[in-house]
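Have a look at the structure below before the remarks.
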Amino acid sequence: MEDIIHLLPDSVANQIAAGEVVQRPASIIKEMVENSIDAGAETIKVLVTDGGKTTVQVIDDGKGMSETDARLSFERHATSKIQKASDLFNLTTMGFRGEALASISAVAQVELKTRRREDELGTMIRIAGSKMESQEPVACPAGSNFLVQNLFFNVPARRKFLKSNQTELTNLVADFQRIVLVHPEISFILYNNGVEMYNLPRTSVRQRILDVFGKKLNADLLPVEVETSLVSISGYVAKPESSKKKGVHQYFFVNGRYMRHPYFHSAVMKAYENMIPVGEHVSYFLYFSVDASSIDVNVHPTKTEIKFDNEQPIWQVLSAAVKETIGQFCNVPMIDFDIEGKPDIPVMGLSTTIPHQPKLSATTYNPFKEGNGGTYVPMNGWEKLYDKYALSHRDEKEDGKDFDWTDDIPEEEHLQGSIWNTLDVEGGGSSVPFDASVPKFQYKGKYIVVQSSKGLMIVNQHRAHVRVLFDQNMQCMNSTNRPSQKELFPEIVQFDQDDALVVEDLMDDLSGLGFDLSNLGGGAYSINGIPSGIVGVDVDKLLHEMVASAKAKTGNIRREAQEALALALAENSAIVYGQVLSVLEMESLLKDLFASKASARTPDGKLIYTILDDQVFDEVG
């Protein structure tokens with residue numbers, strides 16, 4: 001019987017390895033720029049075309065390679081970074097596996113020009129699909145010049161699943177930012193389709209952060225500095241008041257390497273506990289310095305997952321350092337209300353009796369006295385004002401017990417109990433048991449309470465308005481444009497370079513929503529007009545959140561971007577909690593809500609209303 005196990009050819013093995021190392025053009029940038037850093041480069045230029053799908057070029061002024069080293073660098077597991085297994089536990093370089101160039105050359109066409117400073121001539125190598133095409137001497141500057149063309153030219157299935165140029169460029173810029181933030185001592189330049197996106201000179205850490213993400217961030221950064229025998233942590237965290245739901249910048253670096261670490265992220269957020277709203281986040285840029293032998297970076301091919309020997313004590317150090325920084329630089333002023341000489345106002349409940357008598361003020365003015373010192377006059381007959389809101393079939397006493405409407409309505413997370421019946425409405429509002437003519441009232445400035453055929457309906461007014469506005473915004477983008485309200489004094493909004501790319505890609509959708517933006521260059525845009533009906537909204541914040549929502553989408557489907565824009569605009573324009581609504585406003589909102597094809601939940605899946613079953617009242621009675 002013949003033997004069936006055999007060795008794979010190098011070209012096939014390299015393509016298999018490339019599936020882990022080279023996932024998209026951003027992977028090429030990461031691997032080759034890290035090689036340039038290890039080579040001691042002081043200036044690194046990155047040039048990409050079509051988001052890196054057509055060409056990616058990395059030019060550095062590092063130490064370069066000899067003719068033999070240049071040829072050997074494309075072999076699998078060929079590296080100058082380590083020599084023995086023990087070196088894996090004391091890494092000081094970015095690369096060490098010797099797989100990057102072999103993997104890249106297996107799925108792309110690569111040209112390398114390199115020269116050492118002591119050599120008169122350099123070496124040029126052309127290789128495609130792991131096959132050496134030519135090697136010859138060439139005159140070139142000292143350093144290395146890698147040109148990668150037609151990524152996945154020989155793997156059509158992989159190339160087919162690459163995203164759009166814009167999406168690939170966004171991912172490429174993200175990896176580029178992670179590298180430049182941790183190496184401010186190196187000058188970086190990035191070009192896209194011949195247009196300069198970044199020109200970052202050698203500078204300090206703080207200035208590099210501002211060069212990448214804009215000077216506006218400067219006012220929010222607080223320095224963190226702690227040094228222990230276990231770990232040294234430096235960097236910056238943002239002030240609590242700068243928290244946002246989306247679009248924050250969060251970076252961890254250890255020994256000059258970017259890492260993802262959810263456990264350490266929880267340590268930072270723990271320091272902000274009870275200081276920022278639930279669901280919001282803050283930016284941070286934190287640099288760890290630890291003994292190289294106490295971490296393991298050889299966990300994943302991307303080298304972004306790093307294991308620590310002492311995670312728990314480092315967690316404690318990190319959380320304490322961030323808390324100390326916040327406490328030292330964020331002194332919260334005391335709020336002192338001047339109430340001397342002001343009248344006391346009685347607190348009115350929802351029950352049919354006045355909960356307590358108002359205090360008698362020593363001032364001459366008191367709305368509850370006759371003249372300037374008369375006797376207290378009770379407000380008789382005020383109960384009649386609320387007669388039309390009473391539920392007649394629940395007003396009587398049964399078994400000597402009163403049904404008290406002053407009990408708090410549970411929050412939405414508690415509305416899923418056995419006594420709450422959630423309607424899952426499909427196919428429009430026609431099946432909703434709601435009559436617009438029945439009495440309705442507001443509760444706590446948050447809920448609209450109205451009687452329905454199945455019980456007492458409780459509607460979250462903000463979420464209901466979000467659903468209504470979202471549907472209107474989507475209709476505007478799919479048909480006619482929403483009216484735009486011109487600004488008398490145009491405002492300037494500044495975007496990061498990568499965000500500016502997203503803005504350009506979404507300009508048609510923004511125009512459909514009613515935004516009139518003019519590109520001033522350098523990521524700056526003039527807001528000449530805003531959608532009608534959003535007066536009072538922070539347009540700068542709104543635009544940044546809309547761009548962040550669009551970037552968060554994994555695909556490049558235009559519909560997803562439109563939905564993200566429409567939802568962000570709806571959430572920022574909807575009725576806020578605490579806003580008092582008239583009966584006509586409540587009726588109009590409910591009518592629009594139940595005309596929607598999906599009135600039960602908001603576009604992001606949050607419950608809009610629930611119904612308190614009649615059985616609940618029977619059990620209470």
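Positions are given from 1, in the same order as the sequence printed here.
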Can you sort out the partners of Glu67 under side chain to side chain donor-acceptor pair (under 3.5 Å), two or more places apart, ordered by chain and number? none
Identify each donor-acceptor pair in which a side-chain atom of residues 212-225 lies under 3.5 Å from a protein atom, sequence neighbours left out, and give them as a table.
unit_1	atom_1	unit_2	atom_2	d
Lys216	NZ	Asp540	OD1	3.3
Asn218	OD1	Arg206	NE	2.9
Asn218	OD1	Arg206	NH2	3.1

Is there a donor-acceptor contact under 3.5 Å from the side chain of Asn519 to the main chain of Gly521? yes
Does atom CD of Glu136 have more than 12 heavy-atom neighbours from other groups under 6.0 Å away? yes
Could you walk me through whether Thr55 and Thr49 satisfy the side-chain hydrogen bond (donor to acceptor under 3.5 Å, both in side chains) test, starting with their C-alpha distance in whole Å, then the side-chain angles of each, then the deciding distance to 0.1 Å, before giving a yes or no? CA-CA 5 Å; Thr55 62; Thr49 305; 2.8 Å; yes
Under the salt bridge (charged side-chain N to carboxylate O under 4.0 Å, His left out) test, residues paired with Asp61 that sit two or more places apart: none
Looking only at atom types and distance, does a side-chain atom of Arg178 sit under 3.5 Å from a main-chain N or O of Val173, one as donor and one as acceptor? no
For Arg202, does its backbone N or O pair with a side-chain atom of Glu185 as donor and acceptor, under 3.5 Å? no
Are there more than 12 heavy atoms of other residues, nucleotides or ligands under 6.0 Å from atom NZ of Lys53? yes
Please identify each residue that fulfils ring-ring contact (aromatic ring centres under 6.0 Å, His included) with Tyr198, with sequence neighbours left out. Phe176
Indicate yes or no: does Arg126 engage Glu111 in a salt bridge with an N to O separation below 4.0 Å. yes
What do you reckon, are the aromatic ring centroids of Tyr284 and Phe252 less than 6.0 Å apart? yes
Please answer whether the main-chain N or O of Ile37 pairs with a side-chain N or O of Asp60 as donor and acceptor at a distance below 3.5 Å. no
Determine whether a donor-acceptor pair (N or O, by modelled atom type, separation under 3.5 Å) exists between the side chain of Ser319 and the backbone of Gln316. no
Sub-3.5 Å donor-acceptor pair from the side chain of Ser144 to the main-chain atoms of Gly64, do we have one? no
Less than 4.5 Å apart, side chain to side chain, heavy atoms only: is that true for Val205 and Ile209? yes
Please tell me whether Gln207 and Asp211 have a donor and an acceptor in their side chains that are separated by less than 3.5 angstrom. yes
Does the side chain of Val46 come within less than 4.5 Å of Ile189's, by heavy atoms? no
Going by ring pair (Phe, Tyr, Trp, His ring centres under 6.0 Å), Phe288 matches just one of Tyr251, Phe253, Phe264, Trp315. Which one? Phe264
Test side-chain contact (heavy atoms from CB on, under 4.5 Å) applied to Leu543 and Val503, Ile530, Leu510, the passing residue: Leu510
Under 3.5 Å donor-acceptor, Asn154 side chain and Ala106 backbone: yes
Not counting sequence neighbours, which residues clear side-chain contact (heavy atoms from CB on, under 4.5 Å) with Arg116? List them please. Ser66, Glu118, Asp119
N/O donor-acceptor pair under 3.5 Å between His281 side chain and Gly247 backbone: no
Does Val226 reach the side chain of Leu318, with side-chain heavy atoms less than 4.5 Å apart? no
Leu121 vs Arg115 side-chain heavy atoms within contact, under 4.5 Å: no
Please confirm whether the ring centroid of Phe285 lies under 6.0 Å from the ring centroid of Tyr236. no
Should the ring pair Phe308 and His261 be called parallel, tilted or perpendicular, given that the plane angle runs from 0 to 90° and is split at 30 and 60? perpendicular
Less than 4.5 Å apart, any side-chain heavy atom of Glu280 and any of Lys245? yes
Any residue meeting side chain to side chain donor-acceptor pair (under 3.5 Å) with Ser242, in chain and number order, not counting sequence neighbours: none
Arg208 side-chain N/O to Val180 backbone N/O, donor-acceptor pair under 3.5 Å: yes
Hey, does the side chain of Asn193 reach the backbone of Asp50 with a donor-acceptor pair shorter than 3.5 angstrom? yes
